[in-house]
Every structure is written in structure tokens, then in C-alpha cells.
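Everything on this sheet refers to the single structure shown next.
None of the values given here were measured: they were computed from a predicted structure. In what follows, chains are A, B, ... by sequence order, proteins preceding strands, each numbered from 1.
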Amino acid sequence: MVRHLPTLSIAMSVTSLALLTAQPVSAETVTLGIGTQDTTTNTVTAGVVIRQLHLLEKYLPKDGKYANIKFELEWQNFTSGPPVTNAMMANKLQIGMMGDYPLIVNGFTFDSNPESKSRLIGVAAYSLSGSGNGIVVHKDSPYYELADLKGKLVSVPFGSAAHGMVLKAMQDRGYSADFFQLVSQSPEVGSTNLQEKKIDAHADFVPFAELLPFRGFARKIFDGVETNLPTWHGIVVRTDFAEKYPEVVVAYMKALIAANQWLRDDPKLAAEKIQEWTGINKEVVYIFLGPGGNMTTDPTIKPALIDAAATDVKVLQNLGRMKEFDPKKWVDDSYIRKAYAEMKLDYDAQLVSTKNYEISGEDVFCKKPIADPRKAGEVWVDEAGIVPFSSAACTLGAYADFKAKGKKINVAYVFDTTRGIKLFADQAFFAVGNGDVAPFLLKKDAEAYAAKISGKVLGFDDAVKASVSGGKT
Amino acid sequence: MSATTAISEAGPVPATTPSATPPSIGTLALRWYRLNQSRLRAIAIGIISLLAFLLVWHLLTTYRVVFFVRFTNVPSPVAVYASFTKAMHDPKFLLHVVLSCRRIFIGFSLAAIVGVPLGLIMGRFRLVHEIVFPVAEVLRPIPAIAWVPMAIMLWPTNEQSIVFITFIGAFFPILLNTLHGMSLVDPVLVRAAQCLGARERSIFREVYFPASLPHIFTGLTVGMGVAWVSLIAAEMISGQYGIGYFTWEAYSLVQYADIALGMIAIGVLGLGSSLLIRGAGQLVMPWRLK
């Protein structure tokens, strides 16, 4: 049997729909395949949360032409974007989510598909400064910044958002293409190789740059913020499905908005649930998706992200991996706009806002309100929950206090003093002196700041001791 | 290596051997044709069937046939050929092929060197069989891809990890087929040799080994196939070179034509290496030559 022409198939589907509405007795079952990336923490609100909380079922249209259509949801989980694209091309999945680089490869690959194109319909999460991607080294290695890796073996999953970050970082610093020995390894392979010290560094996307240090064998030496190129994850749909069932796509966007709301209502519970569903440690989930986290969950399609996608296209073209592709034509914000309108929310207001939700409340240790959320800190106490503090010094002081009282502490968070990204306190470098405690991701930043305040750079344990003896600030 | 030269000598031999009285070229050609008739026929049919395969592939993809199986997005032979010419102009592609062949060669050779003697010993001594067999049966069904993390941790360099995975792939078919060959050795032959005063070593060399050779070669052929099957999993570790890595990278960038090119390259290389083994088998077992 030869493939139908698109117009013919649309005509046929229209007639079949007309037939269906004419015969209300016969119910039709439509399978909707959704490709998620559960372990890629910044896609969870678009995937696993909607699935587990049955949010899509809640918003699926049930009247009009949908009165006799039963949707069967088929969720499939993948560890990276390309297999999602592959399954979407094969029409096994109609909706999929992935990071920026795999997304444009998805759009480009669909350009040659005669049955259907793909369209970007919403964003799961983004970081305008490029946080989320990062480069980690083994914790025992002598490397503390990118320049230390000259001539070393660095692995990164080719074609991923992290690959883009590495290329941008090299371009920014004027490094030649052979500055590193760059090889392609998937997260699973790269992680094991790093643990075994077979490679000198591994660059990866969310959540590995945080997860590997949290698991105890790696140290982050480069964060995507240093590239200042936005990184994001988005949702794509097959146009043949979207044109046939636009209301279902709108329902999906509503479910996405609801999932974001659920996350922000109780980030601690959300982190715990996401750990239960995906196996990624809740402390790692929280550093990305908690208040002041390194990812902002926001479904609106911001022009800055599409501009970044255009930059990504150029990178892929320079590598000879892609021909002509215009990300602007690939965006379709009609579904997400409709979802916002039907939920009585203001899309345009959200579109221009790049605010994340932040840490707030009263610092019970230093007894003052939290004024600057990006100078604040948090301590996750096993039973008491996540307690906010107004400064890094107060956070460390409270940490020591909790310890002295014999409380079990999961993890403590502080913010990088200049870059404003959330850090695991026990991985940070602290510039301490003159009653000031300033946390940093990078040793060199901490050293520079310490010189300025004529203090010194301490590791976490020493910084905690110093904050106890130095008193509160 | 000696197998390669052996084949190239064995091939043209009938064509170039002149008879004592110089007959006319016509009768010579006719005689050569009669001698090789069945082989020529096989080659001709083989070429026709490959061409037919190409044609069917071309038609299915050009008309994007959907008949339960969907060819809508499968790359056409023309697209794959375009990838091929591009790859031919890229010195890296040759490097991919050469490195993969080296990995297969080392992994397979090690598997043969360990697997065949171990199989012979297991077939001869029950205790060894009882000790080794359960372990082998547990390890055998584990797919190559599942070995990847363990292989990385076990070996100091990545190259060794990759060779290890191809070794694992080839090892079990070789071991089990050797074992099977040993179990089929006619006990009458062994007893006859013993009656004639043969010692253990001679029995091994003169009876067991030749008798199980056909099965050993079956094992080697199957083992070579499985070694190539394991290649993609193995070369996921490499991150840089190898035809398996080439295919894997094409997958992670969703380049269907390159994926097909990688598949075909693996197929052709696999065919070539199987032919080598078959040639070696005919050389070692001339009594089985057709």
C-alpha cells in the first residue's frame, strides 16, 4: 500500500471524524505516546509529574468531537533525547521532551518526514545563564578550572546541551579545537569512566554535574553560567497529531502549568516525590527545581531561548551535522497561549518575566528576615524540613548548631557570591575574613575574593568551624 | 594471518594450472568453467540476490511503502551511498574501520586461544567441566551492552575494556561448540587408540582434536559473528573511533543514512571475517574440502 498524500489523509481523518460524530455508539480509542526523560530532572514537570499526578487525564477534553474518543496514554521513558526523536519519527510517540540541542535535531530531522513535521509547543525549564550543564572532574584530581584541562581527555555526550556548552566555552576563551581531547560518551559511560579515572573530566547535562559530586566522587569545576548561553528543555509534538486533536495538545499544556504549580506549592514534597519516581536524589532535584534553584520552570516560549537555539543551529552547521533550519518557523505557541487563556492566566506577562521563585521567610537562627534570596542559604534537616537562613554565615552557624543538637542533616545549600547559582555547601569554597563568609563554586574566585577582603579560603568543614568561633554576622 | 594468504592462493589455483599438452584457450576456459560451475553459479546467484535486495530496498524507500512495516523514513540506498562517498573522503572513516578490525581481531584471537583449549580440557576431564560449566552458563546469556559498566571498571584502559567485550561475545560460542564437538567424539576411536598404546597426549592430538575440529570451526564462525554484534556496545566506551562508535554517534545525532552506512559496514566486515575463518577451516581440514 502506498502512503497517502497528506491532504488525502487529512480529508480521510475529517470524514472518519464526521462518521464518528454521526454514530455516537461506536467509541474510538486513540493512543497518545509521550516520550519523557525522567532522569533529566528539568523535564520532570513536563513528564513524570503529569504522569504520576494524572494531570493530563484531568484536562483531556471530553465533549464535542471527543465524546466518543478514548485516549490511551502510553508513557515511555528515555535517558536522552535522540531515542525520543527516533520514536517520534516512527509515530510511536506523538509528544516528546528533550534538551535544546536534541530539540533542534528533532525539528531538523522532521523536515524530511513527509507525514508530519514537529513543532516546539512549550518549555519545561530553562536557565538563561546556562546553569545546569557543567564539567566535573574526579574529586582527587588536581584540576580546579577549565585551563587546567589543557590536553586532557574530556568526554561529553555529542549532540547534547552539554556538548554545546563545551564548544561555547572553548570559543569564548579562544581555545583551539584540540585544546582538550574531546570524546563522546553517554552519561552512563562517562560517569563510570570518571569514577574509574579513565577520563580527566566529564561534561554533562542535568542532573549529572550536580549528581556526580553529590554521589561523592566528583567535583564540579565549570558551570554553564560561565558561558552565559541559555540552556533549556522543551516539548515537541507531531503536527499530524496536533492538527487532528488540537484540544488534546492544549490539555497537555494545561497539565504542564498545573505541574509547575504543584512543584512550587511544596518544593520539598515535590523533590521527595520526584526522587521516588525517578531515582534522582531529592537533594539534587531540589538544587535544580527548589526556590532559587538553577532551573526555572516556565512553560512560555521566550525569544531568548529561540535565539539561543539559532546559535546552537550554527554550531551544528559548523560541525557539518545540519543543513538549513530556522528555529523561528518551528515554534508554535498557539497551544500554550490557548491553555493560558483558558486557565485565565496572562501569557504575555509570563513571557517577559524571567523571575524564578526565591527563598523567603524569617531566619530563625540569626533572627532576621531574608532580604537577599541569592545571598541566603538552606539546611535540609532530616525531620524538621528545609530551613532557610539569611546569609551564608548564618547557614553555616545554623548547620553547626543543628549538628551540636544531634540533628541529622541531609545537605546544606548556599549561593555562589558572584554568580548567584545554588551550590551544595559541602562542595563550595569559602572566602572567610573580617566577619564575611562568601561561598564560591570555583577555587580561583574564592581566592580572588579572599585577597580583596584580606581573608583566606576555607573548605566546608573549616568554614563551619570559623563561623562558630567568629560569631554571627 | 596465514589464512588470508592461503585463501588468495587457493582461489585462482584451478584457473592458472595448465595441463601438460597446451590445449586451446577455448577448451581451457571450458574445462575451467566445468570445474568451477557450481561455484560460479553460487556467485552469480549471490550477486543477483544482493542486487535484488538493493532494488527492493530502493523501491520500498522511494515509494515510502507502508504495508504494516513502514518505510516512510527509512533512508534510501541513494542517500546511504551519498553518506558513503562522503565517508570515503573523510580519512576518519577508514580509521574507524581499521580500529574496529583490530579490536575484533585481538578480542576474537584471545577468545579462540582461551576458548578452544578450555573446551577441549572440559570435554576430557569431568571435574573441570563440573567446575567451569555452571559459571559459563550463568555468564553466557548476559548481553554485551550490560557488560559495559563492568568492563570499564575491570580494565585499566578503555581499549582493553572494548577488546574484553568483543572477547566475551566470541568466547562462549567457541567454548560451547568445542565442548559439543568433544562430546560427539566416538569412544570407540579413543579406545582403539588406547589399545594401540597411545598416551593421553597422543590421544588428544590424534583423536580428540581432529574429531572435534568441525565443531570448533562452527564455534569460531558463530563467535566471530557475535563479536561483531557486540561491537556497538563495546565501542560506546571508546567515545572516539570505531565503526560501532560511528553508528552510535549517528544514532545520537539522528542521522539515519549514517546509521545505515554503519550497519552495512559492520555487515560487510563481518562477512569478510567469516569468509576468512571458513578459508582457514578448509585449510586445516582438507578432508572436508568439497
Side-chain angles (χ1 to χ4, degrees), chain A residues 1-5 9 79-92 98 101-110 112-116 153-160 163 181-199 202 316 319-322, chain B residues 59-76 79 83 86-87 89-90 92 145-162 165 232-242 245-259:
Chain A
M1 196 174 82
V2 175
R3 183 188 64 91
H4 302 301
L5 290 166
S9 73
T79 54
S80 64
V84 179
T85 296
N86 202 14
M88 279 179 76
M89 284 286 282
N91 206 8
K92 293 198 170 67
M98 54 195 95
Y101 270 77
L103 273 175
I104 52 178
V105 170
N106 177 290
F108 174 71
T109 308
F110 263 96
S112 57
N113 187 330
E115 284 174 339
S116 172
L153 189 60
V154 180
S155 81
V156 56
F158 278 12
S160 73
H163 188 203
Q181 235 182 301
L182 205 59
V183 301
S184 172
Q185 282 173 345
S186 65
E188 311 83 61
V189 172
S191 306
T192 319
N193 266 323
L194 189 74
Q195 195 169 6
E196 293 300 314
K197 301 183 187 171
K198 298 274 191 60
I199 51 174
H202 180 61
L316 286 175
L319 288 174
R321 296 298 189 186
M322 189 180 273
Chain B
L59 292 175
L60 287 174
T61 50
T62 310
Y63 294 99
R64 300 178 191 268
V65 174
V66 177
F67 182 73
F68 191 70
V69 194
R70 299 159 304 159
F71 288 87
T72 325
N73 293 304
V74 175
S76 66
S83 279
K86 212 176 105 204
H89 288 99
D90 184 1
K92 252 183 150 181
I145 198 150
W147 276 104
V148 167
M150 295 301 152
I152 294 172
M153 288 189 279
L154 281 171
W155 299 91
T157 72
N158 276 341
E159 202 56 33
Q160 290 162 344
S161 310
I162 297 168
I165 291 178
I232 288 204
E235 290 184 342
M236 270 171 66
I237 305 173
S238 102
Q240 236 173 339
Y241 295 116
Y245 169 75
F246 174 86
T247 314
W248 177 251
E249 194 197 53
Y251 181 33
S252 50
L253 292 163
V254 203
Q255 291 171 323
Y256 292 119
D258 279 352
I259 297 173

Answer whether the closest heavy-atom distance between the side chains of B:Pro149 and A:Val189 falls below 4.5 Å. no
Considering all heavy atoms of both residues, which atom of B:Met153 and which atom of A:Lys198 are nearest to each other, and what is their separation? N-NZ, 4.5 Å
What residue, out of B:Phe71, B:Phe68, B:Tyr241, B:Tyr245, has the most heavy-atom pairs lying under 4.5 Å from chain A? B:Tyr245
Which atoms of A:Pro157 come close to chain B, meaning under 4.5 Å heavy atom to heavy atom: side chain ones, backbone ones, both, or neither? neither
Look only at the side chain of B:Glu249 and the backbone of A:Ser184, and say whether a donor-acceptor pair between them is shorter than 3.5 Å. no
Side chain, backbone, both or neither: which part of A:Val105 has a heavy atom under 4.5 Å from chain B? side chain
Need one label for A:Ser155: side chain, backbone, both or neither, based on atoms under 4.5 Å from any heavy atom in chain B. neither
Between chain B and each of A:Ser80, A:Pro83, A:Ser186, count heavy-atom pairs under 4.5 Å; write down the option with the most. A:Pro83
In terms of heavy-atom contacts, B:Ile237 and A:Gln185 come closest through O-NE2, 2.8 Å
List the atom of B:Ser252, the atom of A:Pro82, and the distance in Å for their closest heavy-atom pair. O-CG, 3.0 Å
Among the options A:Leu316, A:Leu182, A:Val156, A:Asn113, pick out the one with the most heavy-atom pairs lying under 4.5 Å from chain B. A:Asn113
A:Pro114 and B:Thr72: which non-hydrogen atoms are nearest, and at how many Å? CG-CG2, 3.7 Å
Could you tell me which residues satisfy side chain to side chain donor-acceptor pair (under 3.5 Å) with B:Gln255, sequence neighbours excluded, listed by chain and number? A:Arg321
Please state whether the side chain, the backbone, both or neither of B:Thr157 comes within less than 4.5 Å of a heavy atom of chain A. backbone
Top contributor to chain B contacts, counting heavy-atom pairs under 4.5 Å, from A:Asn193, A:Thr109, A:Asn91, A:Asn106: A:Asn193
Looking at A:Pro102, A:Ala90, A:Gly190, which makes the most heavy-atom pairs under 4.5 Å with chain B? A:Ala90
Tell me, side chain or backbone of B:Val148 under 4.5 Å from chain A's heavy atoms, or both, or neither? side chain
Smallest heavy-atom separation, A:Ser112 atom then B:Asn73 atom, equals O-OD1, 4.3 Å
Heavy atoms of B:Tyr256 and A:Asn86 approach each other most closely as OH-OD1, 2.8 Å
Residue set satisfying side chain to side chain donor-acceptor pair (under 3.5 Å) with B:Asp258, at least two apart, ordered chain then number -> B:Ser83
Say you draw a straight line from CD of B:Gln240 to CD of A:Gln181; how long is it, rounded to the nearest 0.5 Å? 6.0 Å
At a heavy-atom separation under 4.5 Å, does A:Ser160 approach chain B through its side chain, its backbone, both, or neither? neither
